[in-house]
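Before any comments, here is the structure.
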Amino acid sequence: MSFRVVRSSKFRHVYGQALKREQCYDNIRVSKSSWDSTFCAVNPKFLAIIVESAGGGAFIVLPHNKVGRIPADYPLVGGHKGPVLDIAWCPHNDNVIASGSEDCVVKVWQIPDGGLSRTLTEPVVDLLYHQRRVGLVLWHPSALNVLLTAGSDNQIVIWNVGTGEVLIHIDVHPDIVFSACFNWDGSKLVTTCKDKKIRIIDPRSGEVEAEALCHEGSKATRAIFLRHGLIFTTGFNRSSERQYSLRAPDALSEPIVMVDLDTSNGVMFPLYDPDTNLLYLCGKGDSVIRYFEITPEPPFVHYINTFQTPDPQRGIGLMPKRGCDVSTCEIARFYRLNNSGLCQVITMTVPRKSELFQEDLYPDTLSDEPSVSAEDWFNGTDGEPILVSLKDRVLIVQGGYVSNSQGQQLNVTKKSNVLDKGKPNILNSAAKKLQNHSSDQSNNNNNSSKNNNNNTDISDSAPIKQERAPSPIISAPPPVVPEVTQADIKLIQDEIRKLKAVIVKHENRIRALEAQAKSRDEENNLTEQKIQSPDSASTPARSNLAPDEV
């Protein structure tokens, strides 16, 4: 008797569902650039899409509640002189986004809470190094303000955004870099190049630790690090058939898995969820999203299902797990860009009968807090990303995530000399208070020393009199700065929400009163017209009478 054993997995019945059109984003002029990019970046606060713009490059930033038809004159982020090729949100600050363009400049922007009210043209910092267009922008997963950029000049540059300087320059690629990805703790870097090779690089020294032939096709390839160290790649074979592979870092030339998919021409973008080990393949120009589960047992890459849509996709973005709705067992949310100007929202859900928090679906996920600073990482310190429980940290407010670092500003301190190397990258509130306290204390000490010197000079020249001896100046103790706890921050956020609710109520009341006043004015106008109408109507009636009747 023969029987087939079905593999047990909690993700076998994952299904995708597209939201209604009124819950999506419409009338968006998606970029028509031929560059192989996703053209879309998402975080729990905003949705950013590269758009067509006259006179340079621009992208649009939308809050998640700004659904429906987007006005044609909606404010943009438009400071580039050439088309924008790639954008990426900072994983440690939901208000900071980096963009690379054909004008060879990388810009870092600060987006205010609530979105843009006017077109933004002034970035926080300009990063100038590349000699040709910049087509790849990537943030470090655990180090604060560490940004990787790659351009058509075959150069990879790692920046310290907090100081605006170049940390590392990597020049090991003979051709254009197609993709780059850090591993789980950011200690290794995997890249794919136009020379068909895949390389594992030490990002601090720039040395190539291993390299091998990735895919035999000449079209663009992609490679990403999985959470447990393996490398997943997508590319083409000699017959231009799309394929994917799974490799071990110590044996790059011998793939563990190599599978041919189809004969389409679109580049496949692998989108990976490290919490559930699910991997989504989204091809440019495809109308499907394939998703797989990576497991330690053969065949290692298990096909689950395919989500089918009628329209081909121009670009796609994946929401971080912090922005998913845990109350509906949502494990992924995609934002698909269509050629018609529609940004379609697709949710991937695991059906569960219970309405309680599903701990097996939501293990601890990546938080928005960095584990190391840029200087520490550059000096050799590796730190795994800080994890957070979605059960404790996620608040569902109008279907979105409220970050604990709300309103954090990105401050850039340019290094003018060698003595400035000790300055912090991000001057948060605690660092600002400490710096102000130290400066006030030094000023008090300088003033007291000057006063003491002046007093000693006067005492030397004047006759000795005990009653006119200067009294010693005692500097006041430094003020005690109270510590701000998480409970205080939460209390302030609750007060802000209450104030917003009160404002909404007042706005509704004002609209109702304005409507009543308008209707009252219309009634008064109608009554006045009725009063005037009999006089005007009687005149022609009398004029139409016959002469003998008169």
Side-chain angles (χ1 to χ4, degrees), residues 25-43 45-63 66 69-90 93 95-112 114-139 147-157 159 161 164 166 176-178 284 314-317 335 337-343 410 412 414:
Y25 309 87
D26 202 355
N27 194 30
I28 297 175
R29 303 184 305 272
V30 183
S31 174
K32 298 180 181 179
S33 174
S34 61
W35 188 258
D36 291 325
S37 174
T38 57
F39 298 137
C40 180
V42 194
N43 71 358
K45 278 189 180 181
F46 301 105
L47 164 67
I49 301 172
I50 302 175
V51 296
E52 284 289 319
S53 176
F59 59 94
I60 190 171
V61 176
L62 301 171
K66 184 69 176 177
R69 188 174 180 85
I70 307 300
D73 58 348
Y74 193 84
L76 302 174
V77 181
H80 286 284
K81 297 180 180 178
V84 179
L85 300 180
D86 195 17
I87 52 177
W89 288 103
C90 178
N93 192 337
N95 296 78
V96 174
I97 186 171
S99 60
S101 170
E102 286 190 2
D103 60 2
C104 311
V105 181
V106 179
K107 294 178 182 288
V108 181
W109 310 85
Q110 177 89 30
I111 308 298
L116 299 175
S117 58
R118 58 185 180 86
T119 298
L120 183 63
T121 58
E122 293 296 330
V124 179
V125 61
D126 288 335
L127 306 178
L128 303 173
Y129 186 88
H130 292 281
Q131 301 298 319
R132 298 185 66 184
R133 59 183 179 178
V134 181
L136 178 62
V137 177
L138 177 68
W139 292 90
L147 179 68
L148 180 145
T149 61
S152 297
D153 53 359
N154 311 336
Q155 309 293 318
I156 291 181
V157 181
W159 304 83
V161 177
V166 176
I176 297 176
V177 179
F178 283 142
K284 199 169 183 180
R314 176 75 178 153
I316 195 163
Y335 292 77
L337 305 179
N338 297 336
N339 292 325
S340 61
L342 175 68
C343 179
L410 173 64
V412 179
K414 295 283 187 176

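All of these numbers come straight from a predicted model, not from anything done at the bench. Excluded from the calculations below are hydrogen atoms, water molecules and symmetry mates; all remaining heavy atoms, backbone and side chain alike, are included.
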**OP:** Over all heavy atoms of both residues, which pair between Leu147 and Ala98 is shortest? Give the atoms and the distance, please.
**Re:** CD2-CB, 4.0 Å
Subject >> Atom pair OH (Tyr335) and CD1 (Ile49), whose distance is rounded to the nearest 0.5 Å >> reply: 10.0 Å
Subject >> Point-to-point distance, once rounded to the nearest 0.5 Å, from CG of Leu85 to OG of Ser37 >> reply: 7.5 Å
**OP:** Taking atom types as modelled, find out whether Ser340 and Asn338 have a side-chain donor-acceptor pair closer than 3.5 angstrom.
**Re:** no
Original post:
Nearest 0.5 Å, what's the CD1-CG distance between Ile60 and Leu47?
Top reply: 8.5 Å
**OP:** Look only at the side chain of Asp126 and the backbone of Lys107, and say whether a donor-acceptor pair between them is shorter than 3.5 Å.
**Re:** no
**OP:** Kindly say whether Gln131 contributes a backbone atom to a donor-acceptor pair with the side chain of Asp153 at under 3.5 angstrom?
**Re:** yes
Original post:
Within a strict 4.5 Å, meaning less than it, do heavy atoms of the Trp89 and Val61 side chains meet?
Top reply: yes
Subject >> Non-hydrogen atoms of Tyr74 and Pro63 that approach each other most closely >> reply: OH-CD, 3.8 Å
Original post:
With sequence neighbours left out, which residue pairs that include part of residues 114-125 fulfil the side-chain hydrogen bond (donor to acceptor under 3.5 Å, both in side chains) condition?
Top reply: none
Subject >> Leu120 versus Gln110, closest heavy-atom pair with distance >> reply: CD2-O, 3.9 Å
**OP:** Return the orientation label for the Trp159 and His130 ring planes: parallel under 30°, perpendicular over 60°, tilted otherwise.
**Re:** tilted
Subject >> Nearest heavy atoms of Ala150 and Ile156, plus distance in Å >> reply: CB-CG1, 4.1 Å
**OP:** Calculate, to the nearest 0.5 Å, the distance between atoms CG and CD1 belonging to Leu337 and Ile28 respectively.
**Re:** 7.0 Å
Original post:
Rounded to the nearest 0.5 Å, how far apart are CZ of Phe59 and OG of Ser101?
Top reply: 10.5 Å
Original post:
Leu116 and Leu76: which non-hydrogen atoms are nearest, and at how many Å?
Top reply: CD1-O, 3.8 Å
Subject >> Under 3.5 Å: donor-acceptor pair, side chain of Arg314, backbone of Gly341 >> reply: no
**OP:** Give the intermediate values and the outcome of side-chain contact (heavy atoms from CB on, under 4.5 Å) for residues Ile111 and Val77.
**Re:** CA-CA 9 Å; Ile111 308 298; Val77 181; 4.1 Å; yes
**OP:** Apply side-chain contact (heavy atoms from CB on, under 4.5 Å) to Ile176 and Asn154, showing your working.
**Re:** CA-CA 5 Å; Ile176 297 176; Asn154 311 336; 4.0 Å; yes
Original post:
So do Leu128 and Val105 actually touch side chain to side chain, heavy atoms under 4.5 Å?
Top reply: yes
Subject >> Atom of Arg133, atom of Glu102 and distance for their closest heavy-atom approach >> reply: CB-CA, 3.5 Å
Subject >> Full working for side-chain contact (heavy atoms from CB on, under 4.5 Å) between Val161 and Trp139 >> reply: CA-CA 10 Å; Val161 177; Trp139 292 90; 4.0 Å; yes
**OP:** Measure the spacing between OG of Ser99 and CG of Leu127 and express it to the nearest 0.5 Å.
**Re:** 9.5 Å
